[in-house]
Protein chains: 2
Amino acid sequence: MPKNRQDLDNSLKKQMIKDSARNIFLADGYEKTSITRISKQAGVTANTIYWYFSGKDELFAAVLEELISVFVSALSQRSETYSLEENLLWMLESFQFAKPLIITVHERSAISDAVATVHNNFHNSVESLLGKVLNESGFEAARIKPVIRIASFVVEGLLMHEVSIKEKQEIVKQLLAILSPLRDK
Amino acid sequence: MPKNRQDLDNSLKKQMIKDSARNIFLADGYEKTSITRISKQAGVTANTIYWYFSGKDELFAAVLEELISVFVSALSQRSETYSLEENLLWMLESFQFAKPLIITVHERSAISDAVATVHNNFHNSVESLLGKVLNESGFEAARIKPVIRIASFVVEGLLMHEVSIKEKQEIVKQLLAILSPLRDK
DNA sequence: ACCTGAACACCGTTCAAGT
DNA sequence: ACCTGAACACCGTTCAAGT
């Protein structure tokens, strides 16, 4: 019987599991990624994962949380120096690699509270950030919330569907027209 | 050993399978619905389903096709007599019952060609229908396509996320402002 | 406290065999 | 042509037993 690997630092092993999970989730999607495969890549047994995470959804939620925190802090930095237009386009670009997971987030949110919570927090973070920008640019206050929601739904839609580059540009252009503070003048 | 039930009409049995599948899919979602459970409700063995459908995704696609054809023909009738606003609100309402499946459609489209095809056809049908309406109401031609896409992404977004009634109304209101032909005058 | 091997109850799908 | 019982290779998860 292989030894316990208590030599390895505890939180380090947890991080290895998360890293393996993230890599395989991103490459092959949630469903095709088995706990066994994650465990092998992390150098542990499948059941060891259950010592650190209470289930596959909770592991997925932990992976999401890391990805999202990187993304949100990058966006929050950018939002001070770049325009809304540049940030929207940047969001579309930098999310591309996580495309298969975006659909999964919605699917698992209906099943797992852990995933649903992470999903909600994400929407709140991004939408409050964009709302702040619109507010400072003199956008009519009453319209900010619904318009931000429209923008985030469109971004999600663009990531979830196969859309040609040309069409994508047209959609972003129209979306930006809606988001322009000039419309209130 | 139970007899073959070749007494039952062939296409009738196929329909029974589709009906059982639809009911359980709608009630419990794709993942929680096993082939075995569908087969029991339809009064056949699990493997019999594989005589009529090449897999779970193909059965799901067939179920979707039926649901969509009912929906599209209803929408196409309505679009002649009702306003765009009324039809948008009607779409939101009448889709509510299929909420769990909308997310699944996107998830399985990434995996199954059969589901992807049905999904694409659906978007094309709805968007060409709405495009026709906008065209007749004198909407600037170049903006029709992207704006229609925005509308359909927002409808999907509203169906995929938990949104309060009040917020939903605000979003629809802002969306309609974008879709109003008056903006071109 | 941490980790294992073995088992559990499922799953979608396949296949040889029946009618 | 149509349908079955039995099996296959998996899956996420649990648990008694080890260190």
**Request:** Just do the side chain to side chain donor-acceptor pair (under 3.5 Å) check on A/His106 and B/His106 with the steps written out, would you?
**Result:** CA-CA 10 Å; A/His106 294 93; B/His106 294 92; over 6 Å; no

**Message:** Let's see if you can work this out: which of C/dT4, D/dC3, C/dC3 has an atom nearest to the side-chain heavy atoms of A/Trp51?
**Reply:** C/dC3

**Item:** B/Thr48 (side chain) donor-acceptor with B/Val44 (main chain) under 3.5 angstrom
**Value:** no

**Complete:** By side-chain contact (heavy atoms from CB on, under 4.5 Å), A/Ala21 pairs with (sequence neighbours left out) A/Phe25, A/Ile38, A/Leu59, A/Val63

**Message:** As a quick check of understanding, evaluate ring-ring contact (aromatic ring centres under 6.0 Å, His included) for A/Phe71 and A/Trp90, giving each step before the final call.
**Reply:** CA-CA 11 Å; A/Phe71 173 82; A/Trp90 175 83; 5.5 Å; yes

**Message:** Considering only residues two or more places apart or on different chains, which pairs with a residue in residues 86-103 of chain B satisfy salt bridge (charged side-chain N to carboxylate O under 4.0 Å, His left out)?
**Reply:** B/Lys99-B/Glu162

**Asked** Contact class for B/Phe53 (heavy atom, under 4.0 Å): base, sugar-phosphate, or nothing?
**Response** nothing

**Asked** Quick one: B/Lys13 NZ to D/dA1 C1', roughly how many Å, whole number?
**Response** 11 Å

**Nucleotide nearest A/Thr48 when distance is taken to its side chain, options C/dC3, D/dT4, D/dC3** = C/dC3

**Prompt:** What string of B, S and - do you get for nucleotides 7-13 of chain D, 5' to 3', when a contact is any protein heavy atom under 4.0 Å?
**Reply:** ----SSB

**Asked** In dot-bracket notation, what is the pairing pattern of DNA chain C, taking Watson-Crick (N1-N3 plus N6-O4 or O6-N4) and G-U wobble (N1-O2 and O6-N3) contacts under 3.5 Å, with [ ] crossing and | for other strands?
**Response** ||.|||||...|||||.||

**Item:** salt bridge (charged side-chain N to carboxylate O under 4.0 Å, His left out) pairs, two or more places apart, involving residues 53-70 of chain A
**Value:** A/Lys18-A/Glu66, A/Arg22-A/Glu66, A/Asp57-A/Arg108

**Asked** Just checking, any donor-acceptor pair under 3.5 angstrom between side chains of A/Thr104 and B/Glu107?
**Response** no

**Asked** A/Glu170: what forms a side-chain contact (heavy atoms from CB on, under 4.5 Å) with it, not counting sequence neighbours?
**Response** A/Lys166, A/Glu167, B/Pro146

**Prompt:** Could you give the CD1-to-P distance, from B/Ile49 to D/dC3, as a whole number of Å?
**Reply:** 12 Å

